[in-house]
Number of protein chains: 2
Amino acid sequence: MDTADVKNRARRSSGRPTLADVASRAGVGTITVSRALRDPERVSVDLRTRIFAAIDALGYVLNPNASALASARADVIGVLVPSLTNNVFAEVLRGIHDGLRDSRLQIQFGNTHYSEEEEERLVRMFLSQHPSGLIVSGIDQTPATRALLEKAGCPVVQIMEVGPDPVDMMVGFSHFEGGRTVTQHLLDAGCRRIGFLGARMDPRSHRRLSGYRSVMEAADCFDLSLVTTTTLPSSVSMGGELFKTAFAKTPDLDALVCNNDDLAMGVLFACHRAGLDVPGRISLAGFNDLEMMSVAFPSITSIRTPRFEIGHQAIAMVQAAMSGERPSEPVVDLGFELKVRESTSRANTQNI
Amino acid sequence: MDTADVKNRARRSSGRPTLADVASRAGVGTITVSRALRDPERVSVDLRTRIFAAIDALGYVLNPNASALASARADVIGVLVPSLTNNVFAEVLRGIHDGLRDSRLQIQFGNTHYSEEEEERLVRMFLSQHPSGLIVSGIDQTPATRALLEKAGCPVVQIMEVGPDPVDMMVGFSHFEGGRTVTQHLLDAGCRRIGFLGARMDPRSHRRLSGYRSVMEAADCFDLSLVTTTTLPSSVSMGGELFKTAFAKTPDLDALVCNNDDLAMGVLFACHRAGLDVPGRISLAGFNDLEMMSVAFPSITSIRTPRFEIGHQAIAMVQAAMSGERPSEPVVDLGFELKVRESTSRANTQNI
DNA sequence: GCCCAAGATGGTAGCGCTACCAATTCAGAT
DNA sequence: ATCTGAATTGGTAGCGCTACCATCTTGGGC
């Protein structure tokens, strides 16, 4: 019965077993095998057992390309982040991967390098595969990207921030409030000449800066010369350099709010090197609460941001949407937490 | 509207333009469009222009799933790394992405969490898509994984290490020699009671430890109680904890070789906190040379490892292999570089 | 003028899977 | 008995693309 069959198949087959091989070995139709794989509940236990036995015996693995073509849906979730150097996004990715355990979904991941054009290109590329979901960073897509996302035909989650107008769903926290909270903490601790250091100055950094500014203005402490930023990438050494610039401009600084922890760490080292006591002479706070902040000497006050949780939640939202559940609230604010540590201990803020 | 057409096509088409749409608009055969996309040289300039005009007009994007199915080859490179928390692999990924600019290749990336079983599962999963290449970390695959890789039917690059028996190609450096070099440097600086701190203790950590041990034994300084390790993940705080353990065991320590920079940073902070001068009382060296090592106070001696370059080179090797070039030497050793800094400055090693 | 190689182009048959129906069975309702 | 609907299973026609040939030029060597 299969002479003709063999003659026909020999031409281009990859040599690997196919669904049809499994089906004939198990004595069922191909579609039943497909169902046993995608939705086991819909196949009787009896057949299911035989089918899985055949799969094991043949070492069958489903061909995801054929599956994606036939169903116009790839078991892939596209993830776009602006950077990998940045520890923060590595943890988001970890959260995403963790949320994906025991799922057949794959992550396809792209690095936009903080470029909106690159983001648009990647969204286009990802959409061409008909992904099951898309996760993008931030809320500042170009109009063209936004239009692409709106007709993506799959769940879309914007992560890291919350805002009023989600493409589909959103999970993050308010960088503006984060900036406010850490600045207010420094004011409460008695600091007045509180500088702001920022690198990269992507939209999220700007919103943190706005938070800083709003609190400083309310306290009548704002002074533009207290703000030192660069569009260059953030790094520990950049923290040191920004500190030098800031200290030269405003030597009466009594505290620094850093746009992120890398910078804060750079400031700490620079202060050590310059013999400036932290927090005795200068109080110091970071943003994100990387693991090292709590063990630094002195330990450094920071805003703990729910990076892992954001990834986890984003995947949960994608999966829920895939099974038809619409979230009651499409925007999830995971908040943040101020971690007060030695670097802003108020006992030392008197001597200014 | 054209009823017949709609009746036939409306059923399952995705609604997006296909190759056939482009072909009919350009007045050519579908295969010619396919060729214009994959290998423009083989299509006359005249047709090429018309085809690309049609593509632009229709907003056509190639369906990678259909392409992969038909050609039994996906434009995807699978990348397996053991961790994302670890900065080191983030930089390798950066190098990979950077090497991929202007290529239609995509990265599909998987996290093995330092588990050989997970690695095997992921290799199997990746291979099911017929990737164009595979990049895996390390050289300690299970026999089953190795067998899968050997008949992968695509270029395979093992990264991070070099060894005698590549599956296909290899790019990395010798962790054993790295461990030797940094330890020898400490010996040369006059240290004798040189401890080793290690976390995670994956195979690469073990090889660094072996390097340490071989040099220490040659100098007749080896003492098992100088070695403090844990299988728990590496972190800055873990560095502090290992330091406490080590210092309690061997209070006459005059130097520490850390398995990586995170640990070294933790040790530095712990020393600050304990009032132990670095390098006055204890010399300190890390491994990998993360950016912050050079700006820490004191700056920390480390082994600079070519992480970005490894990713870059791995992609270059995959691409070369895809176009049929076999490298003259399948194993590329990118080496490493000892960065001597304040934390091991010999001026301070007398007072032991 | 003829032949053949090389280059350009196209027709068609799959690649391996799933959507869409249809067919079958069986329990429970009428 | 007959009908109805749910549950289970299968046949078949694509999904959109590329491999494999076939065909049709063109140009140069003899």
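Computed from a predicted model, the values in this text were never measured in an experiment. Every chain is numbered from 1 and lettered A, B, ... according to where its sequence line falls, protein lines coming before strand lines.
Distance CG/B/L334 to CE/B/M160: 10.5 Å, rounded to 0.5 Å.
Straight-line distance from the CZ atom of A/R73 to the P atom of C/dC17: 19 Å, rounded to whole Å. Rounded to a whole Å, the CD atom of A/Q129 is 14 Å from the C1' atom of D/dG16. Rounding to whole angstrom units, CD1 of residue B/I31 and C1' of D/dT23 are separated by 14 Å. With rounding to whole Å, A/D39 atom CG is found 17 Å from C/dC17 atom P. As rounded to whole Å, 12 Å separates atom P of D/dA19 from atom CG of B/L19. Summarising the geometry, the separation between CG on B/D46 and C1' on D/dT25 is reported as 15 Å, rounded to the nearest angstrom. Following rounding to the nearest Å, A/L69 (CG) and C/dT18 (P) show an atom-to-atom distance of 11 Å. C/dC17 atom C1' lies 13 Å from atom CG of A/D21, rounded to whole Å.
For the pair A/V61 and B/V33, both in contact range of DNA chain C, the more 5′-proximal nearest nucleotide belongs to B/V33. Both A/L47 and A/T30 lie near DNA chain D, and the one whose nearest nucleotide falls closer to the 5' end is A/L47.
If you look at A/F109 and B/H97, their ring centroids are closer than 6.0 Å.
The phosphate of C/dG7 (OP1 or OP2) has no side-chain N or O of B/R42 nearer than 4.0 angstrom. The shortest distance between the side-chain N/O atoms of B/S44 and the OP1/OP2 oxygens of C/dA8 is not below 4.0 Å. Between D/dC17 and B/S71, no contact under 4.0 Å exists linking OP1 or OP2 to a side-chain N or O. Dashed line: the shortest gap from a side-chain N or O of B/R35 to OP1 or OP2 of C/dA8 is not under 4.0 Å.
Side-chain atoms of A/R16 stay outside donor-acceptor range of the base of C/dG16, with no qualifying N/O pair under 3.5 Å.
B/S71 contributes a side-chain N or O that, together with a main-chain N or O of B/S67, makes up a donor-acceptor pair within less than 3.5 Å. Panel note: side chain B/D56, backbone B/A53; no donor-acceptor pair is recorded below 3.5 Å.
The side chain of B/T18 lies closest to D/dC17 when the candidates are D/dC17, C/dC17, C/dG10.
Under the 4.5 Å side-chain criterion, counting only non-hydrogen atoms from C-beta, B/Q313 is in contact with B/V332.
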